[in-house]
Amino acid sequence: MEILKISGLAFVIITLSAILKQTKPEFAIQLVLIAAVMLFSFVLSLSTTIYDYIAELCSISGIKSEYLKIVFKIIVISYISEFTASLCRDAGESAVAVKVEMVGKLIITASSLPVFKELISLLAGMVV
């Protein structure tokens with residue numbers, strides 16, 4: 001059960017961070033950043049399993065793999081931007097967090113354009 005490991009790690013980091021904030025606040029931020037990198041590496045290792053499973057479903061259903069790549073890229077971008085924005089907020093930089101979220105949404109929009117194009121051409125073919 002990975003969630004128990006993650007929750008345990010988060011609890012230890014939060015406790016250590018609270019202690020460090022009282023004596024050495026600059027180390028508390030570094031500790032949180034190190035924990036964030038550790039958690040993010042766990043997410044990346046889990047994402048390969050998810051990608052492989054979705055790829056198998058796509059091959060069974062006949063969906064083009066390029067669309068799978070786009071959808072997976074969009075999911076990863078959303079997680080990374082949310083993760084980064086949360087770190088920015090934890091560091092007291094709400095303005096930077098808002099910008100990260102905005103840029104993430106723009107990148108998602110730009111990345112999804114090929115799917116929209118295919119959808120529109122598919123719909124146009126049904127109308128005619």
Side-chain angles (χ1 to χ4, degrees):
M1 302 254 298
E2 288 88 9
I3 192 64
L4 293 176
K5 294 176 189 175
I6 297 300
S7 298
L9 176 65
F11 181 74
V12 169
I13 295 300
I14 289 170
T15 304
L16 290 174
S17 177
I19 293 168
L20 283 175
K21 281 183 184 175
Q22 296 173 357
T23 57
K24 300 279 187 183
E26 63 276 3
F27 291 136
I29 297 263
Q30 292 174 355
L31 176 68
V32 170
L33 288 175
I34 290 168
V37 168
M38 291 171 58
L39 292 171
F40 191 69
S41 67
F42 174 75
V43 168
L44 287 179
S45 68
L46 193 63
S47 67
T48 57
T49 304
I50 295 168
Y51 182 83
D52 292 340
Y53 185 76
I54 294 173
E56 182 180 336
L57 289 175
C58 285
S59 68
I60 291 170
S61 66
I63 297 173
K64 294 181 184 179
S65 65
E66 63 190 57
Y67 299 131
L68 166 68
K69 291 176 184 175
I70 292 171
V71 170
F72 196 73
K73 180 180 177 182
I74 289 169
I75 292 169
V76 170
I77 290 167
S78 67
Y79 280 127
I80 290 172
S81 61
E82 177 63 30
F83 194 76
T84 306
S86 295
L87 283 176
C88 292
R89 282 191 189 89
D90 290 344
E93 296 294 335
S94 296
V96 175
V98 169
K99 293 349 176 245
V100 167
E101 288 172 338
M102 182 182 65
V103 169
K105 290 173 186 176
L106 289 171
I107 293 170
I108 287 170
T109 302
S111 298
S112 64
L113 290 177
V115 176
F116 285 128
K117 180 182 176 185
E118 183 68 24
L119 180 63
I120 289 171
S121 66
L122 208 143
L123 291 173
M126 295 173 112
V127 171
V128 175

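One is the number of the first residue; the rest follow in order along the sequence. If you're wondering where the values come from, they're calculated on a predicted model, not measured in any experiment.
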So, for [X] and [Y], which heavy atoms are closest and what is the spacing to 0.1 Å?
| X | Y | answer |
| --- | --- | --- |
| A97 | A85 | CB-O, 3.3 Å |
| V32 | S17 | CG2-OG, 3.8 Å |
| S111 | I70 | O-CG2, 3.3 Å |

Within one Ile-Leu-Val-Met-Phe-Trp-Tyr cluster: [X] and [Y], side-chain cutoff 4.5 Å:
| X | Y | value |
| --- | --- | --- |
| Y51 | Y79 | no |
| L20 | I34 | yes |
| I107 | V115 | yes |
| F42 | V12 | yes |
| L87 | I80 | yes |

Would the distance check show the side chain of S121 and the main-chain N or O of E118 forming a donor-acceptor pair, the cut-off being under 3.5 Å?
yes

Kindly check if the number of other-residue, nucleotide or ligand heavy atoms within 6.0 Å of CZ (F83) is above 12?
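More than 12 within 6.0 Å, yes.
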
Measure the spacing between [atom1] of [X] and [atom2] of [Y] and express it to the nearest 0.5 Å.
| X | Y | atom1 | atom2 | answer |
| --- | --- | --- | --- | --- |
| S81 | K99 | OG | NZ | 15.0 Å |
| I77 | L106 | CD1 | CG | 11.0 Å |
| F27 | L16 | CZ | CG | 13.5 Å |
| I6 | L39 | CD1 | CG | 5.0 Å |
| S112 | I74 | OG | CD1 | 4.5 Å |
| I50 | I75 | CD1 | CD1 | 8.0 Å |

Decide yes or no for L122 and M126: does some side-chain heavy atom of the first lie under 4.5 Å from some side-chain heavy atom of the second?
yes

